[in-house]
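Inspection log for the structure reproduced underneath, given as structure tokens.
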Protein chains: 2
Amino acid sequence: MLSLAEENYLKAIYHLGKFGTISVSTNAIAEQMQTKASSVTDMIKKLAEKDLVIYKRYQGAKLTSAGNKIAASVVRKHRLWEVFLVEHLSFSWDEVHEVAEQLEHIKSEKLINQLDAFLEFPTHDPHGDPIPDKNGQIQKTDKVLLSQIDEAESCMCVGVKDSSSEFLKYLDKHKIALGTELKVLSKESFDESMILEVHQKPLSISKVVSNNLFVKK
Amino acid sequence: MLSLAEENYLKAIYHLGKFGTISVSTNAIAEQMQTKASSVTDMIKKLAEKDLVIYKRYQGAKLTSAGNKIAASVVRKHRLWEVFLVEHLSFSWDEVHEVAEQLEHIKSEKLINQLDAFLEFPTHDPHGDPIPDKNGQIQKTDKVLLSQIDEAESCMCVGVKDSSSEFLKYLDKHKIALGTELKVLSKESFDESMILEVHQKPLSISKVVSNNLFVKK
DNA sequence: ATTAATTTTTAGTCTTATCTAAATTTATGT
DNA sequence: ACATAAATTTAGATAAGACTAAAAATTAAT
Ligand SMILES: [Mn+2]
Ligand SMILES: [Mn+2]
Ligand SMILES: [Mn+2]
Ligand SMILES: [Mn+2]
């Protein structure tokens, strides 16, 4: 049984390693975990000892299939709890992350399977991120950043890249939620800002925004 | 903000101290916590430092009002989660305790208040134990042990003193649940066993059972 | 009132997870 | 190729929470 710290390190490597093939650098993990590189070295040695990561000195760490499975299970729990908080406890999407960070470490197979059923087997969390299945598999979607959309094209908001409370509140303010239809009226090449049509009204957004909003055509 | 260990010690003292007035002995806490007396001494010193318990060397520990409030809040969370697991996630009453031991440490005011509302403000957990309110107050009921009931009297099962999985499964087997009506047909003075009428059928139970079942007349 | 038994505390050690500072290895620039 | 910069690891320290063994205080028994 893994400690909370071990689970968090695996999750950090999972998120940074994107597709499992790349080795993640010590410094990158340190930044993600808000800790020091020396602490990371200690931990990845321990995880390597348990065959959860592959570690070669000065070469960073990569999840093994056992490590990937555990990390995916933690992410699965995190995202299922986020759905629960939004759907049943009236949390808004900018409030759930902190609590889910705690709930993701609760250890009970039955709990998570029953929660999954109670929520009617959701496929995505409130931020549009996919929920891994029991085997850690995620169904990848064809979402793309809003900044990639051409002028005059329409699309639907399906996720956020930056899920900070600040960005989510910005979206709330402008009535942009998952499922909202967007149309790109024009793009300014100078600063890469855009004018959108949202709910029949024009809205000017900066590149920071279009680069953090996932859409589907 | 308190650590998980600190919260568990406060809860142990809360459960052992019953009405808050009595000092709880180091050994009693050690047994409850499944740890050694020396570890308890270290911890109650730390809790005394934080003004959560009153500690005098060789005299055991007693919760302060601040300590009592925190302990009651942990118990509140434990019992609310137990209700959630039984009512919404199809857990049986003998499966909830272990998971609630973990969930009781999740820190979020909003979470617990929303959970309370979602559950429609339950007053008792699946074992018949009262749920403290936001201020740590519990409404005491007039429940009594089944062993105290006289021959020919009827009563209703309202709680269990022993909430071990073994005892709960024994009750399940004999179709005794909270709300079940019981009638004492006879009492054997020799071994203090009883014959009950349950669901229109006679059932012989030992003193161990009648001493661990709370009823209301 | 002593002695013996029990309870509690102290002293010292261990593990986990963190840190700082110094040493080492790898990457980069000329 | 060599010097310098950056990244990573090692060494040593610290804090929380647990343990064992020994000492001290309290309680019980004669
Ligand atoms: Mn999150
Ligand atoms: Mn999310
Ligand atoms: Mn319980
Ligand atoms: Mn209970």
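Chain identifiers are assigned alphabetically (A, B, ...) following the order of the sequence lines, protein sequences preceding nucleic acid strands; residue numbering begins at 1 within each chain.
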* Nearest-angstrom distance from the residue atom CD1 of Ile44(A) to P of dT9(D) ->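 Spelled out: CD1 on Ile44(A) to P on dT9(D) is 5 Å.
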
Donor-acceptor pairs are to be reported for all side-chain atoms of residues 122-132 of chain A against protein atoms at under 3.5 Å, with residues two or more places apart or in another chain.
| residue | atom | partner | partner atom | Å |
| --- | --- | --- | --- | --- |
| Asp125(A) | OD1 | His127(A) | N | 2.7 |
| Asp125(A) | OD1 | Gly128(A) | N | 3.1 |
| Asp125(A) | OD1 | Asp129(A) | N | 3.0 |
| His127(A) | ND1 | Glu82(A) | OE1 | 3.1 |
| His127(A) | NE2 | Trp93(A) | O | 2.8 |

* Looking at every strand, decide which applies to Ala37(B) at a 4.0 Å heavy-atom threshold: base, sugar-phosphate, or nothing. =>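 Since a base atom lies under 4.0 Å of Ala37(B), the category is base.
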
* Asked: Thinking salt bridges, do Lys187(A) and Glu153(A) make one under a 4.0 Å N-O criterion?
  ->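 The answer is no: the pair does not qualify as a salt bridge.
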
* To do: Apply ring-ring contact (aromatic ring centres under 6.0 Å, His included) to Tyr9(B) and list each qualifying residue two or more places apart in sequence or on a separate chain.
  =>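 Residues passing ring-ring contact (aromatic ring centres under 6.0 Å, His included) with Tyr9(B): none at all.
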
* To do: Ignoring the backbone of Thr26(A), work out which of dT9(D), dC19(D), dC19(C) is nearest its side chain.
  =>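 From the listed options, dT9(D) comes nearest.
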
* From the list dT10(D), dA18(D), dT8(D), which nucleotide is the closest neighbour of the side chain of Ser25(A)? ->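 Nearest nucleotide to the side chain: dT8(D).
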
Below 3.5 Å is the cut-off: list the nitrogen or oxygen pairs between protein and nucleotides 2-6 of chain C, distance only.
none

Please tabulate, one pair per line, each protein N/O and nucleotide N/O from nucleotides 20-22 of chain C that are separated by under 3.5 Å, including the distance.
| residue | atom | partner | partner atom | Å |
| --- | --- | --- | --- | --- |
| dT20(C) | OP2 | Lys36(A) | NZ | 3.3 |
| dT20(C) | O4 | Ser38(A) | OG | 3.0 |

* Asked: Per the atom types in the model, does the base of dT9(C) pair as donor or acceptor with the side chain of Tyr58(B) at under 3.5 Å?
  -> no

* Does any residue of residues 99-107 of chain A have a heavy atom under 4.0 Å from DNA chain C, and if so, which ones, in number order? ->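 Close to the strand, none.
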
Side-chain atoms of residues 24-41 of chain B: list all donor-acceptor pairs with protein atoms under 3.5 Å, sequence neighbours left out, distances to 0.1 Å.
| residue | atom | partner | partner atom | Å |
| --- | --- | --- | --- | --- |
| Ser25(B) | OG | Ala28(B) | N | 3.0 |
| Thr41(B) | OG1 | Ala37(B) | O | 3.2 |

